[in-house]
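Only this structure's heavy atoms are used, side chains among them; waters, hydrogens and symmetry mates stay out. Since we're looking at a predicted model, the values are computed, not measured.
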2 protein chains.
Amino acid sequence: MGRPRTFDEEAILDRAMLLFWRKGYEATSMNDLVEELGLGRGSIYAAFGDKHRLFVLALGRYLGRQDDLLASSFDDLRPALPQLRELFERLLQADSVCSESGCFSVNSIAELLPNDEEVADRARRSLRKAEQTFAVQLERARRGGELSPAIGAPEAAHLLLTLVQGLQIMRKVDPDPARTTACLDSAFALLRNPVPALALS
Amino acid sequence: MGRPRTFDEEAILDRAMLLFWRKGYEATSMNDLVEELGLGRGSIYAAFGDKHRLFVLALGRYLGRQDDLLASSFDDLRPALPQLRELFERLLQADSVCSESGCFSVNSIAELLPNDEEVADRARRSLRKAEQTFAVQLERARRGGELSPAIGAPEAAHLLLTLVQGLQIMRKVDPDPARTTACLDSAFALLRNPVPALALS
DNA sequence: TATGTTCTGGAACGAGAGGTCAACAACTCC
DNA sequence: GGAGTTGTTGACCTCTCGTTCCAGAACATA
């Protein structure tokens, strides 16, 4: 019934995501989107609603991918800390798709919060999920004697999450990936148990 | 010679700073500024140039104050780590002027980098200076046996700087100051030397 | 082929953007 | 007081913003 879509909705959302990611919400105009997406204005509005809704959809797509990456990253048989470390490397590498634009989520939080409740909710959800995932793995690390006794698993999870947000800011100021890697090295050096005992319980 | 200014340039810059801080660069219009600053458009342009220059001046004012806070925060006779910890508390408290808007510098980096070289330069300068100040104090901490041997002073400085940027993002997502304090507690718990020896050298 | 429905692309819209300007106001100096 | 200079104001400019609308294109069904 009716004329079919001539474009792949998800592919279009990906391109919108890259544009918003690169330029930010306010600095991206509908003209930019028309040009980048290769669609008429009418088609965009019909398919995605207004500019803000399109942005939220694009951000949701970005966060959804991050969620997936997180959910499928852990093998509960191997030590947790090295896996966490590898996850961060992968997370940051995934963001290099948009070369020096940092993290779409961090950028959006910084630009639009606390005034944009829709974006706030979506971001909060992903951050909470990430923190919980970290906490589970860190608790596993603690039980395995990997984690420094100076910190609890939930606190370490929150600390790591916070640090990663900070890394995304620092990457925009100094894009040298070696700096990022070095910073993660330091963090994990501190998190590691200096006297790795046998499993405690 | 000529008619004198009827306004205090620095007071006006402060108000512009608060507005840009609250709304971001792109979302703040000249109309907003005219209304907030209580000046005619012409006066603003005559005194500060265009919108972008005004923004850079406002950001410079913000960063200048942070620089001052940092420069005058350390007593080389007392232990370094607690002083660093107090500094962070003061930094975050200073930002509470603009209740839930996070950090003007972090917001600006996220919104405008990597496309705005002027903002990038100004922000880089302050971050470098902060990192160096941290490093000096952490080196003092290391020599005094305060710092964990698991990390060097420069690395700890970079780690702390990164963490604070992250805290500014997290604060926008969850404004509860207790979370921020707890995160700093965790970080310093890890940085502290678990076996505080006597001064080594 | 005729009809109904959906999608497409671009013209058109009002609002508001950032920026300019000219007339007037407020001072200093002669 | 007159001349010269600078600050102030708000009307005004052009351009671009986000959004709407409509005529035509592309399908399914009959």
Categorize B/Ser29 for me: base, sugar-phosphate, or nothing, with a 4.0 angstrom heavy-atom threshold over every strand shown.
sugar-phosphate
Length of the CZ-P vector between B/Arg5 and D/dT9, whole Å
12 Å
Taking the six-membered ring of B/Tyr45, is NZ or CZ of B/Lys51 closer than 6.0 Å to its centre and within 45° of its axis?
no
Using atom CZ of B/Phe7 as one end and atom P of D/dT6 as the other, report the distance to the nearest whole Å.
15 Å
Can you check the A/Asp32 CG to D/dT19 P distance for me, whole Å?
14 Å
Can you work out whether B/Gly2 or B/Leu39 has the more 5'-proximal nearest nucleotide on DNA chain D?
B/Gly2
Does A/Arg41 get its side chain close enough to the base of C/dG9, under 3.5 Å, for a donor-acceptor pair?
no
Within this structure, what is the OH-to-C1' distance between A/Tyr25 and D/dC17, rounded to whole angstrom?
12 Å
Protein-nucleotide distance (A/Tyr45, atom OH; C/dT6, atom P), rounded to Å
22 Å
Rounded to the nearest Å, what distance is computed from the CG atom of residue A/Asp8 to the P atom of nucleotide C/dT8?
12 Å
Residue B/Glu35 excluded, over 12 heavy atoms near CD under 6.0 Å
no
Using the rule given for side chain to side chain donor-acceptor pair (under 3.5 Å), can you reason through A/Ser126 versus A/Asp67, listing the C-alpha separation, both sets of side-chain angles and the distance that settles it, and then say yes or no?
CA-CA 7 Å; A/Ser126 277; A/Asp67 295 349; 3.0 Å; yes
Heavy atoms from other residues, nucleotides or ligands near CD of B/Glu89 exceed 12 (cutoff 6.0 Å):
yes
When the nearest nucleotide of DNA chain C is assigned to A/Ser43 and to B/Ser43 on a heavy-atom basis, which residue is associated with the more 5' position?
A/Ser43
Send over the distance from A/Lys51 NZ to D/dT20 P, rounded to a whole Å.
14 Å
Counting only side-chain N and O atoms of A/Asn31, is one of them less than 4.0 Å from OP1 or OP2 of D/dG18?
no
Nearest to the side chain of A/Pro4, which nucleotide is it out of D/dT8, C/dG19, D/dC27?
D/dC27
Base D/dC27 to side chain A/Arg3, donor-acceptor N/O within 3.5 Å cut-off
no
What's the CD1-C1' distance between A/Ile44 and C/dC7, to the nearest Å?
13 Å
So, do A/His52 and A/Tyr25 have ring centers that fall under 6.0 Å from each other?
yes
